[in-house]
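Read through the structure below, which is laid out as structure tokens, and then see the notes.
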2 protein chains.
Amino acid sequence: MTGTGWQPVRKTRTFEDVLAQVERRIAEDGLTAGDRLPAERQLAEQLGVSRSSVREAMRVLETLGVVSSQVGRGPDAGAVLVSKPDAALTDLLRLHLGLASLEPREVIDTRLMIERWTAARAALTRPDVSVLAEAIAGMDRAASPEEFVEHDTAFHCALAEASGNRLIAAFMRSLRDSLRRYAVEAVVRLGDTSGLQTDHRRILRAVLEGDPDEATEAVTAHLARAYPDLCGE
Amino acid sequence: MTGTGWQPVRKTRTFEDVLAQVERRIAEDGLTAGDRLPAERQLAEQLGVSRSSVREAMRVLETLGVVSSQVGRGPDAGAVLVSKPDAALTDLLRLHLGLASLEPREVIDTRLMIERWTAARAALTRPDVSVLAEAIAGMDRAASPEEFVEHDTAFHCALAEASGNRLIAAFMRSLRDSLRRYAVEAVVRLGDTSGLQTDHRRILRAVLEGDPDEATEAVTAHLARAYPDLCGE
DNA sequence: ACCACAGTATGGTCAGACCATAGCAGCAGG
DNA sequence: CCTGCTGCTATGGTCTGACCATACTGTGGT
């Protein structure tokens, strides 16, 4: 694993073989989140490799949010299959942003794309809007830009959850994590948050009334207000 | 690293400390793709940890598409910073699909979202369409569903590249990799690919004429034809 | 019934060794 | 002077075996 397309003929490393075996076992045995993997020493013996190689494979799986390792003993100890792609996506975005191999504009553009989609979807599914309303109230009470952004994140992530697509929701959470700094900057730059709140209420109203086009329009206007230099086309 | 939000108070493991140090060094020294990291043994000595811990950290960075390790000696040997998020995203999607923690419908929905965005963007930027035309010609020549899907993937990925957003383009490539099986199934199920080709030409025409709304409409109709059971809302 | 304690399986870390690889430096021969 | 071979060396990749901290498990005493 670790990439299907690779031009170099590079010999597969031992830990990659372990990864392939584990993945095969997951597929064949139909393992899902909550199931346990064999212990490291046991797996090493089964596959005829050293524990180091097994550990490196575990590290990869852990990075991808597929397993979680717990020390100690008992039913919850050892390597357990989980489903936490959020951390992996967050790390991915943060590191590539740090490497300057992704520009903020690209990440913010992606966020706009996701927001438009989730808003329209949420308007169609008529979700429970109490979380959204609570987030707006939290922003009203916020005493600092950081606190405002915290509730703002909750609002937009709740919208993403409401869309019913876990992949897109996970992506949204990771994007917000990576963009927290820019979000705070945007709030500070604006100074007044009343315009943003007007947008939030307009989005909430559109979702409540089940009007996907209006919801899309509302989030577009919202992000254009927050990042005026990036949303002009 | 490995996730910013974590409720358990778990003691930071050594390799996580190494990751944090490496990430700090990347940020402080302004390292970018192409720069070299210290050798494993050297890094271990500098940080006062064992080589195993350094290696586990390297495995994480490699999984996230941030470094690439080359054996041997010389300027290209050792751990080099790269920027290859594709493999990481592909592995992420494939594993979570295998774990049944993501359903195909969610991944296909995500694809629809991205396609609509990239088509509209491509129509606005008026890209070089020769690659798109060549992909369509390749599909005309295709002798098998697999070959057809190969050129189809090239077409849609080229559209994503044309949008100018590397993050979204990378996501698109990963989605196509993960969905290859479903794409082939869809082509086989349809039997006749002339309808799909009509769609492709319509998309190309919309991009050529710089009509983003028509481009969006065209890809939506295209995916509705390919996955009729998933695109009804 | 409860509690204290030893047993044990787990992941986490370390030290040290060996291997294959691939560039590099030096030397021998033209 | 140039060319080609050869040994050196730094690199990642792997293995072994050890030790630690942790947290459940079972036992025995109260």
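Naming convention: chains lettered A, B, ... in sequence-line order (proteins, then strands); numbering from 1 in each chain.
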What pairs of nitrogen or oxygen atoms, one from the protein and one from nucleotides 5-9 of chain C, lie under 3.5 Å apart?
residue	atom	partner	partner atom	Å
C:dG7	N2	A:Arg73	NH1	3.3
C:dT8	O4'	A:Arg73	NH1	3.2
C:dT8	O2	A:Arg73	NH1	3.2

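In terms of heavy-atom proximity, B:Ser69 sits nearest to B:Glu62 at OG-OE1, 3.7 Å. Residue B:Leu93 comes nearest to B:Phe171 through the heavy atom pair CD1-CE2, 4.1 Å, listed as atom of the first residue, atom of the second, then distance.
When the nearest nucleotides of DNA chain D are assigned to B:Val71 and A:Ser50 by heavy-atom distance, the more 5′-ward of the two goes with B:Val71. Toward the 5′ end of DNA chain D lies the nearest nucleotide of A:Arg41, the other residue of the pair A:Arg41 and A:Gly74 mapping further downstream.
A:Glu40 has its CD atom 11 Å from the P atom of C:dT13, to the nearest Å. With rounding to whole Å, B:Phe15 atom CZ is found 10 Å from C:dG12 atom C1'. One atom, NZ of B:Lys11, and another, C1' of C:dG12, lie 8 Å apart when rounded to the nearest Å.
Residue B:Thr14 has a polar side-chain atom (N or O) positioned under 4.0 Å from OP1 or OP2 of C:dT13.
With ring centers used as reference points, A:Tyr182 lies 6.0 Å or more from A:Tyr227.
Checking side-chain atoms of B:Asp91 against main-chain N and O of B:Ala88 turns up no donor-acceptor pair under 3.5 Å. The backbone N or O of B:Asp86 lies less than 3.5 Å from a partner atom in the side chain of B:Ser174, making a donor-acceptor pair.
Along DNA chain D, read 5' to 3', the first and last nucleotides having any atom under 4.0 Å from a heavy atom of chain B are D:dT9 to D:dT14.
The stretch residues 51-59 of chain B touches DNA chain C through B:Arg51, B:Ser52, B:Ser53, each having a heavy atom within less than 4.0 Å of the strand.
Only one option out of B:Leu47, B:Val49, B:Val54 pairs with B:Thr14 in a side chain to side chain contact (heavy atoms under 4.5 Å, CB included); it is B:Val49.
With sequence neighbours left out, the salt bridge (Lys or Arg N to Asp or Glu O under 4.0 Å) criterion links B:Glu56 to A:Arg55, A:Arg59. Under the ring pair (Phe, Tyr, Trp, His ring centres under 6.0 Å) criterion, A:His200 pairs with A:Phe155, A:His156, A:His222, sequence neighbours left out.
Between B:Arg141 and B:Glu150, no side-chain nitrogen of the basic residue sits less than 4.0 Å from a carboxylate oxygen of the acidic one, so the salt-bridge criterion is not met. Of the charged side-chain nitrogens involved, none lies within less than 4.0 Å of a carboxylate oxygen, so that B:Glu185 and B:Arg189 do not count as a salt-bridged pair.
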Please tabulate, one pair per line, all N/O donor-acceptor pairs under 3.5 Å involving side-chain atoms of residues 158-170 of chain B, not counting sequence neighbours.
residue	atom	partner	partner atom	Å
B:Glu161	OE1	B:Arg173	NH1	3.4
B:Glu161	OE2	B:Arg173	NH1	2.2
B:Ser163	OG	B:Ala160	O	2.6
B:Ser163	OG	B:Asn165	N	3.4
B:Asn165	OD1	B:Leu167	N	3.0
B:Asn165	OD1	B:Ile168	N	3.1
B:Asn165	ND2	A:Glu106	O	2.9
B:Arg166	NE	A:Glu106	OE1	3.3
B:Arg166	NE	A:Glu106	OE2	3.0
B:Arg166	NH1	A:Ser101	O	3.4
B:Arg166	NH2	A:Glu106	OE1	2.7

